[in-house]
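Here is the structure we will look at.
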Amino acid sequence: MNYKLHQLDTFLNITPTEAKKSRSTGRQPKGDVVEEANQSVFAVFLRDAGVTLKQGGTSNEIAVDQIVFQKRIQQQLQKSPRYPGIIQEFISGLESHIEDPERFRNCLLPCVPQLSDGDASSFHESLLRMLLAIEMLQTYIINTLLEKLPEFIFLSFINVIFIPRIIINQLKWLDRVVDSKELAVKLMELVSVAPVEVQRDIITSLPEILEDSQHNDIARQLNSLLQENTQLTVPILDALSSLNLSSSLLTEVREAVMSTLTAVQLEDLPVVVKFILHSVSASDAYEVVCNLRKKLELEQCVLPPVLQASQNRMKSKGAALPASTPAAGSSQDSVTLTLDGIKSAVRFQKTISEAWLKVGINKKIKKNSCFVLDLLALFILHSTNANQSRRGAERVLKLKVRTGLIQEALLQRTFRDYSQVGQSVMRGYFPSILALAQSLLRSTDPCVVPFGGHMYRHSFTAFDSYCQQEVVGSLVTHVCSGVNGEVDVALELLCGLVTEKPSEMSLYAVFVKGILDYMDNLAPQQIRRLFHLLSRLAFGQQQQGAHIQDDMHIVIRKQLSSTVPKYKRIGIIGAVMIVGSMGESQNGSLPQETFRQVIALLELVKSSSESTPDAAALYYDELANLILTSTLDPQVQEHIGKSVLDDFQDDFVVDLGPEITGSFPFPARVMYNLDEEESQGGIAINLLPLLAQEMLNKAEQRVSPLCLSPFFRLLRLCEEKQHQGNLEEIDALLGCPLILTDMDIVEKVESLSKVEREYLCTLLFHTINWFREVINAFCSQKETEMKMKVMTRLQNVTYLQTLLEKSLAGSPGYVPPVANFDGESTDGAVIGSITAVNKTKKGKKRKAPGKSSSESSSQLDETTDAVETQQDQSEKEKEKEVRQGVNLGAYRQFFRELDMEVLSVLQCGLLSRTQLDSELHTEVREEVLLGPAELVFLLEDMLRKLEFSLTASPAKRAPFLKSVGFSHLQQRSSKDIASCCVQLLPALCSHLENCHNYFQTLLSENNGVVDGPATDVHEHQLMSSAYQLLVQVLNTTFSWSGFSQPGQRSLLKKALGVLAGRLKEGGAELTLEQLIKHSFEYLVNFRSTMPSLSTALCLSQLLATVSEKGGNSAAYREQTASLAKGFLSQSWVTASGEKERGNKFNEALHALLSIYLELVDDVLKAVEEIAGEGIPELLNASKDESSASWPTLSSEKLLTWNLAVRDFHILVNLVKVHLSYGRLFLESFLKLGMPLLDYSFKRHKMDVQSLLKTFQLSTRQLHHMCGHSKIHQDTSLTNHVPALKKSLELFVYRVKAMLILNNCQEAFWIGNLKNRNLKGEEILSQRSQASDEEEEEEERSMQPQGQSEDEVLFYLHTPCSEASEFLLHVNWSRNLHVYENVSGVLSAGRR
């Protein structure tokens, strides 16, 4: 700009200093004053008016105020005898005067005042501009100037390019333009021939030159010019922004501008976007934003990171860039300015922010059609101060992430391209990015939590140290919050950052170390992650955080020396994690000093924990997990393996001899030996003697049986690591026996003392846990003999569990030994729950067996209870069952956790008793087969694992008792669990088909019934349980929310391909819709062999889950609804022929009915069918019978059906006591139905009358319910009475208001409605019989003939209809005075 001013001053022969001086003093810098010689009319009039014309480089002088000057000129012209011809002479004189360039220059520059009198103003406009203000001269002078303008247009080579701009400036801001239309035409003609620089000057000046009347016309011409010449985009848009345009024209212009958006120059983009957004009306905002986000391709505006880095290097070296290469700085500035324009529009225009949010929730946006702009717009929305925009941005981001529209790849691309585009793009939105990441991480929706983690990770990677510190601080806050979901994800993120950016994270090690002060709020798995993180920082190979090593050692030693079990556990976990980091395998051998420190730390932990069995067992478990998940240095691995093997043999293994010596509570006996040929001279697990020794002298016991299973797990993992999975060195432990006692003693448990009973229970728990760990160890072995032994151990476990149930039933208050050692002590809670279960089992008949479990919320417990409802025994057998039955679900935390690898046993075939023959032993040895009991055992464990990993979100796992026993599972991601399930799907489908074939065979052999004489009840129960568990496992697998994530679509297709492949070959080539179709058809085939209603419910849920994955959902909904209806119309009986019953059956019935009503097309028709057919049949049936068309509808299940009935009249007739639902419908009718009746009364009188009559039948019944509740004094019902009566009274108001609105108020008649019970009998409470009789007589004299007194409150005869009559009622016992206040209701009705 300074350069241009210098050009102008050069042209005018005035230096900047001289120009400033001349304008301030009015004195000529050099030369004498030359008087004007030209005595033309122009010169004479100017001199007489007070202006002295100068020559050379001197500005014209003015002696009077410019208003006075203009008035004098006008008077001279008007008073001249030659007027109006004198005007032309004046203009001719002007033209002659400005022929000389110097004089023309003087006329364009401001006049300088003569300060002799001191009265003149310090600033005056140019001579030409003062003359333009005189209307009679304006047109002539404008023509003269515009004719003069072309002389200077093409003289840019002599530095006179700015004269045209000075000429145009003379025309700006005139008080009045005499001929605005003609001026506009001439200016546009100039634009068509002028060079670009002059065109820009003219176009940008148009709003300041023309009057409003010309704005629309000039806007159309500019719009056309915009399509032809993109070089003029910026000046045209600037001009259009300042023009006063009609809304239709503005829309037209905006659409034209939008169409050029993709071709506009990058440096012009901010102006274009600003014009588009600032010209938006409320009605067009949504459409404009939609078009803008599609056409504004910011990705094309940013150089790739490689080119950006290359240009930055060239700039730093001072090298010149090629002319064809776009400057990175200019593109960065343009993108920054464009986003600033969007931010300005969002901040100051509410319609724009609302439109962006509306676009965000648009469900029509397809996947892979979200752009970087969408993400940046959300950051912009959140960065504004408006709470609505912030909350809206959070809501839209969660929605887009949940639906897969915004994925991690888009976020990565945004950070990659825009974190380098100036500091004001992504860096400027860092506070909003951090706040959004915090919100996502705190969400209870597991689908959006990982995206919050990605935002944290990219922010740490892309931004400066300040932002990195904020990210770490925020993650530490999440960890310290105590909310399990936040803590898990935040710890995982911190561990990931330590792995990816160890040197950067080392700067913030002190921040992370602060979490140690909040370990009381962390679960064991979280403590493990925390110490893994800290030990990697402090003791990793690079040891960037070595400055916290001493602090870590101090904390660990302090915790290990604590006598509080909780803190000792923390010390053990932390020490083992430090061992893992210090002893990690490196490229070379581990330094001897480091090896010595590792061994010393291991010895410290061992010596600190060996005096406490719980602590020692935890140490073994933690060391086993470390060996499983880490790669230790061979020296460390060998040292641990050798010491573990020696110690295990010394502590728990004994040689078998002819006799077992010692004093024990029960006779010792070698049991469960699978190596009979090695019975002499073999080995055995010394369990019974160790347990007896522990009971006798617990304080002096060095070896506790509590450590048996953890120690063996550590031994097994050490062997696997050292021998690459080969367990040949310890395979004798799979078949070796245990020193136990004869299990026949369980039958005599009630005759034992309390100590003996508890000793027996403890012995059984240790034995079962030993077998579970043995199964964990050897389940992956491939040899047939090993598989057979594993299967035998599974049978041992299922058999021992039945013995344990009997033993526990006779040992109330018994607390089992701890099996999972990394959690808090839960003895108190466990004792309470176990006692409650035992009391329920022992003191209650089996009328409602569903109450037997303290954890009835899970599907597994529903399965168990549903199976129990099928058991039919004699009364004596039932009493025996009650005495013996204990649900082991309450003791689940006292069993060792089974690894996911154990589920591979499910790949074996199924062996049912009906398939056995006399050659059992010889045939079974040829193939490893699962028995029904073992299948149920494995499926129960699998379902628990899936419910924990795939169904429950991290935020819902807070209660310790729900997560205990899943320590190993928590170390695997939900994706890994889902992948394992998909691998097992073929085996699960085989078992599902076997169960289907079993029941199909059973039905065919028994002529279509399940309770034939040859039915094995126990096997039927096991197969029924297995059937239901299989369906539940499939449903839980396919319900995993991770399948909705784009990255898991291939896994979903693989899973569906397994189901579809059972029906049709070539599943890998099918589309997702085809896979869903075939999978649905495959599953529907199992409908004919459902053994129980609970299994049928699970199948319906599975079908609904599969159908939601895509395809034609309407057809699937119809089939699933039809299937559910068939199940509801089926009579469900147990293997003994009795009907299923119980609370769990009722809950399953309710859930199935809900599915049916949710999926059926016409809900009201379905309800009417149920109520119209099933209810009358039920009412006519005997007490124990059910409806013929709906067998599941019996008298004891009526309430379940009523919960789903939605038609108001049917609901009232079915549910006599559901007052709250009646009030809700009544309120809805008053709010939504009565305004319709107001409008429809005159045109549809008969329809309105019929509707109100039908409605009165229901409201009368509600009134009777109120009386019923008062008689029985049922507080659960009477609580609803006041609100219901208020609604009934408001209904009377509303009807009267409707009549007044339709000029029928004289039809309103009032009477009293008596209180009656549900049977219609009058309630005599407040008045005597005599007074009631008098009242009845009086009512009979008042009411119309043909109506009974219990119906009438008031009578309405509408004269505007032909004898249309209807009756309404209300309770007059309260608030009589309010009935006169009809006006308020009437006005509401009119509104």
Side-chain angles (χ1 to χ4, degrees), residues 610-617 620 644-676 678-715 730 732-746 748-749 752-774 793 796-797 799-800 803-804 807 811 814-819 821 894-896:
E610 62 184 0
S611 60
T612 309
D614 287 15
Y620 298 144
V644 166
L645 181 60
D646 295 340
D647 290 346
F648 185 83
Q649 291 177 343
D650 295 340
D651 294 343
F652 299 106
V653 179
V654 295
D655 295 326
L656 284 177
E659 293 183 0
I660 302 174
T661 59
S663 175
F664 312 119
F666 303 124
R669 182 180 174 184
V670 177
M671 300 285 291
Y672 304 109
N673 187 6
L674 302 184
D675 301 320
E676 298 293 342
E678 300 177 5
S679 58
Q680 297 297 327
I683 59 172
I685 302 301
N686 193 30
L687 185 55
L688 182 90
L690 284 177
L691 187 59
Q693 188 178 357
E694 185 181 44
M695 293 183 63
L696 293 176
N697 48 0
K698 191 170 184 178
E700 301 177 5
Q701 177 76 4
R702 190 185 71 84
V703 179
S704 170
L706 203 64
C707 301
L708 171 62
S709 298
F711 211 162
F712 173 69
R713 176 176 174 80
L714 174 59
L715 172 63
I730 60 170
L733 295 175
L734 172 60
C736 79
L738 292 86
I739 300 178
L740 302 173
T741 188
D742 194 336
M743 291 304 167
D744 292 340
I745 196 171
V746 175
K748 309 172 185 177
V749 66
L752 302 177
S753 65
K754 179 182 178 182
V755 174
E756 291 174 334
R757 288 198 301 267
E758 293 185 352
Y759 179 84
L760 177 60
C761 291
T762 303
L763 187 65
L764 288 171
F765 269 107
H766 284 310
T767 306
I768 291 174
N769 284 329
W770 164 256
F771 284 149
R772 290 171 76 100
E773 280 299 342
V774 167
R793 289 310 185 206
N796 296 153
V797 169
Y799 172 69
L800 287 171
L803 298 182
L804 182 59
S807 302
S811 307
Y814 165 71
V815 179
V818 180
F821 304 95
F894 298 105
F895 294 113
R896 294 287 291 178

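For the single chain, residues carry numbers from 1 onward in sequence order. This one's a predicted model, so the numbers in the text were calculated from it and none came from an experiment.
- With contacts defined as side-chain heavy-atom distances shorter than 4.5 Å, the pair T741/F664 does not qualify.
- In summary, the aromatic rings of F821 and Y620 are positioned with their centroids too far apart to meet the 6.0 Å limit.
- For the salt bridge (Lys or Arg N to Asp or Glu O under 4.0 Å) test, residues two or more places apart in sequence or in another chain that qualify with R713 are D899.
- For the residue pair N769 / R772, no side-chain donor-acceptor distance below 3.5 Å is found, with atom types taken as modelled.
- Side-chain contact between E773 and P710: absent, with no pair of heavy atoms (C-beta onward) separated by less than 4.5 Å.
- The backbone N or O of V755 lies less than 3.5 Å from no partner atom in the side chain of E758, so there is not a single donor-acceptor pair.
- Checked against V703 for a side chain to side chain contact (heavy atoms under 4.5 Å, CB included), the options N686, D647, D651, L708 give a single hit: D651.
- S753 places a side-chain N or O within 3.5 Å of a backbone atom of E756 that can act as its donor or acceptor partner.
- Shown here for V653 and I685, the closest heavy-atom pair between the two residues is CG2-CD1, 4.3 Å.
- Counting only distance, with no hydrogens or angles, the side chain of R757 and the backbone of L752 share a donor-acceptor pair below 3.5 Å.
- Y814 and T762 form a side-chain donor-acceptor contact under 3.5 Å, judged by distance and modelled atom types alone.
- Side-chain contact between Y672 and Y799 is present, with heavy atoms from C-beta onward closer than 4.5 Å.
- Aromatic ring centroids of Y759 and F666 lie under 6.0 Å apart.
- Note: F712 and W770 have tilted aromatic rings, judged against thresholds of 30 and 60 degrees for the angle between ring planes.
- For the pair F652 and L733, the minimum side-chain heavy-atom distance is 4.5 Å or more.
- Partners of D614 under the salt bridge (Lys or Arg N to Asp or Glu O under 4.0 Å) rule, at least two apart in sequence or in another chain, do not exist in this structure.
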